[in-house]
A.B. asks: 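Sending over a structure as structure tokens; questions will come in a sec.
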Amino acid sequence: MTHKEFVSEMARQLDWTESKVSALVNAAVESMSEKLCDEARVWVPDFGVFETQPQPEYISVNPQSGQRYLVPPAIAAIFRPSVSMKEQLKKRENNG
């Protein structure tokens, strides 16, 4: 689902204008991004948790040349679905 499709669907469900829903979605994403940059967890009930996880540095090898290089440490954003979301997905998997 694209951003435009998501906004259209939410506007239909809420009976709001697409511009109002788009502003709401953009504000939510911006707020979540700021919290993740501050290394805070963002919990959405019945959906899941967005959080950051440090990735250590490691040595990678180019398979063609054999050249080794150091990949610097990074911070990755991850998503962990809630138990209810996992159950919903499992039901769909079993019914599909």
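If you read the sequence from its start, that first residue is 1, and numbering goes on from there.
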A.B. asks: For Glu18, check salt bridge (charged side-chain N to carboxylate O under 4.0 Å, His left out) against everything at least two apart and list the hits.
C.D. replies: none
A.B. asks: Is Val61 reachable from Tyr58 through a run of I, L, V, M, F, W or Y residues, each pair having side-chain heavy atoms under 4.5 Å apart?
C.D. replies: no
A.B. asks: Mark yes when over 12 heavy atoms from residues, nucleotides or ligands other than Asp46 sit less than 6.0 Å from its CG; otherwise mark no.
C.D. replies: no
A.B. asks: In this structure, would Leu24 and Val29 fall into the same cluster of hydrophobic residues linked by side-chain contacts under 4.5 Å?
C.D. replies: yes
A.B. asks: If I take atom NZ from residue Lys20 and atom CG from residue Leu14, how far apart are they, to the nearest 0.5 angstrom?
C.D. replies: 9.0 Å
A.B. asks: So which atom in Pro81 and which in Lys86 form the shortest heavy-atom distance, rounded to 0.1 Å?
C.D. replies: O-CE, 3.7 Å
A.B. asks: What residues form a side-chain contact (heavy atoms from CB on, under 4.5 Å) with Ile75, not counting sequence neighbours?
C.D. replies: Glu39, Thr52
A.B. asks: Run the salt-bridge test on Arg12 and Glu9 with the 4.0 Å N-O cut-off and return the result as yes or no.
C.D. replies: yes
A.B. asks: Under 4.5 Å between side-chain heavy atoms, counting indirect links through other Ile/Leu/Val/Met/Phe/Trp/Tyr residues: same cluster for Trp43 and Met85 or not?
C.D. replies: no
A.B. asks: Ignoring hydrogens and geometry, is there a side-chain-to-backbone donor-acceptor pair from Asp38 to Ala40 under 3.5 Å?
C.D. replies: no
A.B. asks: Side-chain heavy atoms nearer than 4.5 Å, only ILVMFWY residues, links allowed to pass through others: does that put Met1 and Trp16 together?
C.D. replies: yes
A.B. asks: Heavy-atom count check: over 12 atoms from other residues, nucleotides or ligands less than 6.0 Å from Gln67 CD?
C.D. replies: no
A.B. asks: Taking the side chain as every heavy atom from C-beta outward, state whether Gln55 and Gln53 have any pair of such atoms under 4.5 Å apart.
C.D. replies: yes
A.B. asks: Could you pull out all residues at least two apart from Phe47 that satisfy ring pair (Phe, Tyr, Trp, His ring centres under 6.0 Å)?
C.D. replies: Phe79
A.B. asks: Rounded at 0.5 Å granularity, tell me how far NZ in Lys90 sits from CZ in Arg92.
C.D. replies: 16.0 Å
A.B. asks: Look up atom NE2 in His3 and atom OG in Ser22, then write down how far apart they are to the nearest 0.5 Å.
C.D. replies: 4.0 Å
A.B. asks: At their closest point, which heavy atom of Val71 faces which heavy atom of Ser60, and how far apart are they?
C.D. replies: CG2-CB, 3.9 Å
A.B. asks: Ignoring hydrogens, what is the shortest heavy-atom contact between Thr2 and Glu5? Give both atom names and the distance.
C.D. replies: N-OE1, 2.9 Å
A.B. asks: List the steps, then state whether side-chain contact (heavy atoms from CB on, under 4.5 Å) holds for Met32 with Phe50.
C.D. replies: CA-CA 8 Å; Met32 290 173 64; Phe50 296 89; 3.3 Å; yes
A.B. asks: Kindly compute the distance separating CG (Asn26) from OG (Ser31), expressed to the nearest 0.5 Å.
C.D. replies: 12.5 Å
A.B. asks: Hey, quick one: are Val21 and Phe6 part of the same hydrophobic cluster, counting side-chain heavy atoms closer than 4.5 Å, chains of contacts allowed?
C.D. replies: yes
A.B. asks: To check you understand the geometry: which heavy-atom pair defines the closest contact between Leu70 and Glu57, and what is its length?
C.D. replies: CD2-OE1, 3.9 Å
